[in-house]
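Worksheet for the structure shown next.
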Amino acid sequence: MTILIAGTIELAADKRGAALAEAAALMGETRSQPGCAHYVWSADPTSATRVYVYESWASTADLAAHLAGPYYSRMLALLGKYGVTDAVV
């Protein structure tokens with residue numbers, strides 16, 4: 001069973017580029033986790049503040065391991081650092 005996660009994050013326009021640049025290494029590391037087929041944050045070209053989040057996991061167990069692990073904690077810290085104004089996942 002494939003688990004898909006999709007949503008949006010809103011960041012201040014002047015911080016979005018820096019947040020995505022810092023997140024690039026984290027995305028690559030997360031993709032190395034067992035069961036992770038896709039993990040990306042992508043800027044919406046029609047909005048100065050919106051970032052799309054897309055994840056694909058092979059199983060709920062793989063996703064649960066990700067959520068309990070260090071990459072998820074680092075992602076939360078990164079989002080906190082850049083001041084998320086809204087998130088819908």
Side-chain angles (χ1 to χ4, degrees):
M1 169 179 28
T2 300
I3 308 299
L4 298 177
I5 308 289
T8 59
I9 299 169
E10 299 287 339
L11 299 164
D14 62 333
K15 295 181 180 179
R16 184 177 76 175
L20 289 172
E22 187 174 336
L26 176 60
M27 285 182 249
E29 293 169 347
T30 300
R31 289 178 189 153
S32 73
Q33 291 184 275
C36 183
H38 303 284
Y39 184 93
V40 66
W41 300 2
S42 179
D44 181 340
T46 68
S47 167
T49 60
R50 183 166 297 131
V51 173
Y52 286 95
V53 176
Y54 176 79
E55 303 176 36
S56 177
W57 295 90
S59 69
T60 55
D62 291 325
L63 176 58
H66 165 66
L67 295 175
Y71 300 127
Y72 185 70
S73 295
R74 287 180 50 207
M75 184 269 300
L76 291 177
L78 187 148
L79 292 173
K81 175 180 173 182
Y82 287 101
V84 172
T85 59
D86 191 28
V88 177
V89 179

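Because the structure is predicted, anything quoted here is derived from the model rather than measured.
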Taking atom types as modelled and ignoring hydrogens, do the side chains of T49 and E10 form a donor-acceptor contact shorter than 3.5 angstrom? yes

Connected via hydrophobic side-chain network under 4.5 Å: M75 and V88: no

Run T8 and V53 through side chain to side chain contact (heavy atoms under 4.5 Å, CB included) and show every step you take. CA-CA 6 Å; T8 59; V53 176; over 6 Å; no

Return yes if some donor-acceptor pair links the side-chain N/O of R31 with the main-chain N/O of Y39 below 3.5 Å, else return no. yes

Could you walk me through whether E22 and K81 pass side chain to side chain contact (heavy atoms under 4.5 Å, CB included), step by step? CA-CA 11 Å; E22 187 174 336; K81 175 180 173 182; 2.9 Å; yes

Kindly compute the distance separating CD1 (I3) from OG (S56), expressed to the nearest 0.5 Å. 9.0 Å

When rounded to the nearest 0.5 angstrom, what distance separates CG in L11 from CZ in R16? 8.5 Å

With side chain to side chain contact (heavy atoms under 4.5 Å, CB included) as the criterion, how do V89 and I5 come out once you've worked through the C-alpha distance, each side chain's angles and the decisive distance to 0.1 Å? CA-CA 7 Å; V89 179; I5 308 289; 3.5 Å; yes

Pairwise distance OG1(T85) to CZ(R50) - rounded to 0.5 angstrom: 10.0 Å

Are Y52 and L20 connected into the same hydrophobic cluster when the rule is that any two of I, L, V, M, F, W, Y join if their side-chain heavy atoms are below 4.5 Å apart? no

Quick one: CD1 on I9 to CH2 on W41, what's the gap to the nearest 0.5 Å? 5.0 Å

Enter the distance from S73:OG to L78:CG here, rounded to the nearest 0.5 Å. 12.5 Å

For atom OH of Y72, decide whether the heavy atoms of other residues, nucleotides or ligands shown that lie under 6.0 angstrom number more than 12. no

So, for P34 and W57, which heavy atoms are closest and what is the spacing to 0.1 Å? O-CZ3, 3.9 Å

Taking L26 as the starting point, is it possible to reach Y54 by hopping between hydrophobic residues whose side chains are less than 4.5 Å apart? yes

Atom CD in E55, atom NE2 in H66: separation rounded to 0.5 Å? 5.0 Å

Given 3.5 Å as the limit, does a donor-acceptor pair link the side chain of S32 with the main chain of E29, or not? yes

Check the pair Q33, D62 against side chain to side chain contact (heavy atoms under 4.5 Å, CB included), reporting the backbone distance first and the verdict last. CA-CA 8 Å; Q33 291 184 275; D62 291 325; over 6 Å; no

If only atom types and distance count, is the side chain of T2 paired as donor or acceptor with the main-chain N or O of A58 below 3.5 Å? no

